Protein chains: 2
Amino acid sequence: MRVTLSDVAKQAGVGLSTASRALNRSGYVSEQLRKRVLQAAIALDYYPDMLAQQLASDRRRTITLFEVGNYGNVQSSQDLEWFFGPLHKALGRDIAEAGYELNIALQRSDEGHPAQVLARIRRSHGSAAIVLFIRSPLDARLVDELAQIDVPMVSINCPLERLGIPAINSDIRGAALKATQHLIDGGYSRIAHMQGPAHLPATELRIIGYEEAMAAAKMTPMMVEGDFDPDTGYSAMHKLLDVEQKPNAVFCANDSAAIGASRAIQERGLSVPDDIALVGFDDIPVSRFLFPSLSTVRQPQQRMGEATARAILDCLAGQTPPKELLIPCELIVRESSVPRPILS
Amino acid sequence: MRVTLSDVAKQAGVGLSTASRALNRSGYVSEQLRKRVLQAAIALDYYPDMLAQQLASDRRRTITLFEVGNYGNVQSSQDLEWFFGPLHKALGRDIAEAGYELNIALQRSDEGHPAQVLARIRRSHGSAAIVLFIRSPLDARLVDELAQIDVPMVSINCPLERLGIPAINSDIRGAALKATQHLIDGGYSRIAHMQGPAHLPATELRIIGYEEAMAAAKMTPMMVEGDFDPDTGYSAMHKLLDVEQKPNAVFCANDSAAIGASRAIQERGLSVPDDIALVGFDDIPVSRFLFPSLSTVRQPQQRMGEATARAILDCLAGQTPPKELLIPCELIVRESSVPRPILS
DNA sequence: TTGAAAGCGGTACCAG
DNA sequence: CTGGTACCGCTTTCAA
């Protein structure tokens, strides 16, 4: 059977509430009794029931990270875990230091509506605060639900500022601009952009950055629709190669797509970067080891996690965190976007 | 304020227990009252508190998937989410159909001891059953804790059979054998194996399969230690290229490592597969699009998820699932392991 | 300081 | 069929 607190209390020969206080280091308990209780707890291998604890205390001790996206989708999730890892780690660590627990609520965008899940979280006792990481289109229903929520929220990389939710954003637009500019500086004359999945903020921001750079250079934008996976990158690149004025450089929505694109290019007997330069996005672990190695943009996951933790803890402490934090991404130039010297 | 069941009952003008029954479709409630209760619930935007529900019912309704591994590690997690996705999906779906909820407990092997986390899960009200997916060395402490657990357990790809825990395994050994045999059949004379991380069952099984195939062909095994990430694959390959009798084919522990290896080979001015053939493991999404595309082994994640769900539900129904299920992997032959015809 | 008792939000048994 | 009531395991007043 389950060992309960009252078992411990009985064993230690003290009252229930004393046992509770002793274990929680709250309120007054004499050293003597505390020791007895602690020993009893160990002897009985007692472990508190978090459910009961939370239900009784109403002291929400967990912070929910609400992630929606096509988590688990073979097509495009390759970089997902990779992206989340450092963020989870940093966020979880900082939050734990403040005495909270990180609860990760994954929500696949293809099963059920995010708003429903949020509704559930909203009512559940568990959440002191919610971190939103929504990688799907924001519809009215979702926004509606968000407005109902009364615990502090912080959003990561999704445009929720208008709801007054503090935002932690990586500067995707700026990174897209930098990446495109890098291609422009490299002397490429026809630079295309292979877009990410439609209707995603992450996609839009890349497009905007790309367009800004192109406009500033008075160059004509050229785009294909795409996705975050290599399959789509492959076919999108083939489309790009079929047009009359082939691009000689492509800024891809992410590394996976770029890898697909690279294959398409080489299948046509063309070379990266001699015929077509490539820049990806994300710096997934293999990118550095491709041949040619892939130029890309590295997002500051760890700093984002830390910033998120700070913002959430600020909220919880009753302070107002900055409305928006824009954390720069790093452009990583590798072989795929640097013209090779002509060997004589 | 929180809307509770008693608010709903009051609003509907019925007793608390009636309201509970109406909402749960359990026990007898007249259609009339049920409608009233349902309407009241909707009107008040009532949502049940899962904590209280579980605490009161003691009817464990969630199945915990306990995963330990270096989840979140930038170095080697690329394939992790990709691997888990389909498994989660299949498992979650089948379990949901039976009225359970899947609770995913991620446990990084580098933070805290798995046994501690298990101890917590053990006592928590939430778990009707536990699925173990342990990708770290099994030490005494962990085995000890496992033995204490009294809810049904099923293990995925970890050697826990001796504890009497039903196992769902993908046939890694068999796949390694097939992969090596494929290289042997291809006429490669010096076939090496680049190992996975030390002390992991997954690593051992690959080694065993490799050795079996080599022994059957009376060839001399040749191994380097490695890991699951491209960095290590890269340096391990360089080591392999430094020995006198260079291999002309390498079976790598996974695709990421193979990609690192491929880079090392090409940096030496050698070609894949003409000078050295490569076979990976996992079939991560980009593998098909590499140049040359990577031969690899695809694990049956979806079937594993389904089999796991079946086993767990069997346990829960009081039946005894098979002690061990071995699900075959699929060898996928691509360019990296097929000698190209000499063009004349 | 300590412990008895009143919940937290539900579920389930039992008498009506 | 229905509603009162005793818990689930723990926290938290509030007397003692």
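Residue numbers start from 1 in every chain, and the chains themselves are labelled A, B, ... in the order their sequence lines are given, proteins ahead of strands. These numbers were taken from a predicted model, which means no experiment stands behind them.
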According to a strict under-4.0 Å criterion, is [X] in side-chain N/O contact with OP1 or OP2 of [N]?
X     : N      : result
A:Y47 : D:dC10 : no
B:S20 : C:dA12 : no
B:Y28 : C:dA12 : no

Please report the distance, rounded to the nearest Å, between [atom1] in [X] and [atom2] in [N].
X     : N      : atom1 : atom2 : answer
A:Q53 : C:dC8  : CD    : P     : 18 Å
A:Q54 : C:dG10 : CD    : P     : 15 Å
A:Q32 : C:dT1  : CD    : P     : 12 Å
B:N24 : C:dG10 : CG    : P     : 10 Å
A:Y46 : D:dG9  : OH    : P     : 10 Å
A:D49 : C:dC8  : CG    : C1'   : 13 Å

Check your understanding: Atom CG in B:L91, atom OG1 in B:T308: separation rounded to 0.5 Å?
Key -> 6.0 Å
Review point. Could you state the interatomic distance from CD1 (A:I168) to CG (A:L132), rounded to the nearest 0.5 Å?
Key: 11.5 Å
The side chain of [X] lies closest to which of these nucleotides: [options]?
X     : options                : result
A:T18 : C:dG9, D:dC1, C:dG3    : C:dG3
B:A52 : D:dT11, C:dG9, C:dT11  : C:dG9
B:L55 : C:dT11, C:dA5, D:dC8   : D:dC8
A:R21 : C:dT11, C:dC8, C:dT2   : C:dT2
A:L16 : D:dT12, C:dC13, D:dT11 : D:dT11
A:S30 : C:dT1, D:dT11, D:dT2   : C:dT1

Practice item. Quick one: closest heavy-atom pair of B:L33 and B:V14, and the distance? Key: CD2-CG1, 3.8 Å
**Study point:** Interface with DNA chain D, restricted to residues 5-14 of chain B and to heavy atoms under 4.0 Å
**Key:** B:V14
Review point. Quick one: does A:D49's side chain have a donor or acceptor within less than 3.5 Å of a partner on A:T4's backbone?
Key: no
Would you list the atom pairs, donor with acceptor, under 3.5 Å between side chains in residues 34-41 of chain A and any protein atom, with sequence neighbours excluded?
from: A:R34; atom 1: NH2; to: A:A22; atom 2: O; distance (Å): 3.1
from: A:R36; atom 1: NE; to: A:A12; atom 2: O; distance (Å): 3.0
from: A:R36; atom 1: NH2; to: A:A12; atom 2: O; distance (Å): 3.0

Review point. Can you find a heavy atom in the side chain of A:D139 that is under 4.5 Å from one in the side chain of A:H113?
Key: yes
Practice item. Measure the shortest side-chain to side-chain distance between A:E306 and A:D94 over non-hydrogen atoms and say whether it is less than 4.5 angstrom. Key: yes
Exercise for review: Identify whether any heavy atom of B:T4 sits under 4.0 Å from a base atom; if not, whether one sits that close to sugar-phosphate; answer base, sugar-phosphate or nothing.
Suggested key: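 It contacts sugar-phosphate atoms only.
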